[in-house]
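Taking it in order: structure first as structure tokens, then the write-up.
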Amino acid sequence: FQFNYTEHYNTVEHAVESRRIFTAPLNWRFHNGEHLEYNWVPTFERLFVPFEIRPGILIPSGDYWFHRHRFEFNSAQNKRWMFDMTYWGGTFYTGTSHELRTAVLWRKDRHLTAQFELQQFFVNLKEGDFTARLALFRLNYSFSPRLTLSNFVQFDTDSGNIGLQSRLRWIWKPGNEVFVVFNHAWQENTID
């Protein structure tokens with residue numbers, strides 16, 4: 001049993017705002033590089049005012065204890081194809097929440113890597129239910145250890161927006177780096 005860390009936040013008036021204990025009762029790393037982990041995360045949240053978690057879904061103010069469970073699997077990181085999967089589930093405010101994250105990474109060689117990731121959230125509360133999805137794609141190219149190009153595209157179902165970031169990083173000399181960054185967003189226009 002491994003006790004990893006605890007987080008504790010108070011307001012300026014010293015009232016407890018949140019408390020989170022992160023434990024790892026099961027944490028195995030196998031000889032072939034694969035990793036399997038189970039976490040139990042008891043969490044306390046105090047809402048001083050109602051919290052609108054989603055338009056039209058308002059969680060009442062009050063004290064909430066919930067218990068989250070995480071199962072994580074990572075394939076060996078020294079392969080051409082790598083796979084990661086993480087599941088979070090358990091109680092959440094006035095109901096339950098489940099989160100599933102899957103990622104696939106392809107490494108062509110020491111220069112080129114591509115990764116696709118999908119995050120899905122399924123929340124069931126007394127006040128209402130909702131689902132949200134986030135898709136991410138990364139494409140990175142390393143010209144040399146000192147010159148790299150990183151590209152990141154993201155889409156979420158809530159906003160319907162697509163975001164792009166490209167970043168060129170040049171390590172001129174150790175401790176001195178130059179970045180050129182391009183950001184762009186495509187926003188879905190809705191007419192009410």
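Note that these values count all heavy atoms, side chains included, but never hydrogens, waters or copies made by symmetry.
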Which atoms form the tightest heavy-atom contact between H69 and H67, and what is the distance?
CD2-O, 4.1 Å
Do you know the tightest heavy-atom contact between F122 and R133?
CE2-NH2, 3.7 Å
Residue pairs fulfilling side-chain hydrogen bond (donor to acceptor under 3.5 Å, both in side chains) with at least one residue in residues 96-105, sequence neighbours excluded:
Y87-H98, R101-E117
Side-chain heavy atoms nearer than 4.5 Å, only ILVMFWY residues, links allowed to pass through others: does that put L26 and F30 together?
yes
Provide the closest heavy-atom pair for Q115 versus A103 in the form atom of the first, atom of the second, distance.
NE2-CB, 3.6 Å
Could you tell me which residues satisfy salt bridge (charged side-chain N to carboxylate O under 4.0 Å, His left out) with R169, sequence neighbours excluded, listed by chain and number?
E177
Which heavy atom in N151 sits nearest to a heavy atom in S166, and how many Å separate them?
OD1-OG, 2.6 Å
Report all side-chain donor-acceptor pairs from residues 43-57 shorter than 3.5 Å, counting only partners two or more places apart or in another chain.
residue	atom	partner	partner atom	Å
T43	OG1	V41	O	3.4
R46	NE	D63	OD1	2.7
R46	NH1	V16	O	2.8
R46	NH2	D63	OD2	3.3
E52	OE2	G56	N	3.0
R54	NH1	D158	OD1	2.8
R54	NH1	D158	OD2	3.2
R54	NH2	D158	OD1	3.0

Distance-only, no hydrogens or angles: does the T91 side chain make a donor-acceptor pair with backbone N or O of F66 under 3.5 Å?
no
Nearest heavy atoms of S75 and D84, plus distance in Å
N-OD1, 3.9 Å
Measure the acute angle between the ring planes of F73 and F83, then classify it against the limits of 30° and 60° as parallel, tilted or perpendicular.
tilted
Across all chains, not counting sequence neighbours, the side chain to side chain donor-acceptor pair (under 3.5 Å) partners of D156 are S159
Who passes side chain to side chain donor-acceptor pair (under 3.5 Å) against T94, sequence neighbours left out?
E127
Just jot down the ring-ring contact (aromatic ring centres under 6.0 Å, His included) partners of F71, sequence neighbours excluded, or say none.
Y38
Assess the pair F116 and F137: is the distance between their ring centroids shorter than 6.0 Å?
no
Between G95 and L125, which heavy-atom pair has the shortest distance, and what is it?
N-CD2, 3.8 Å
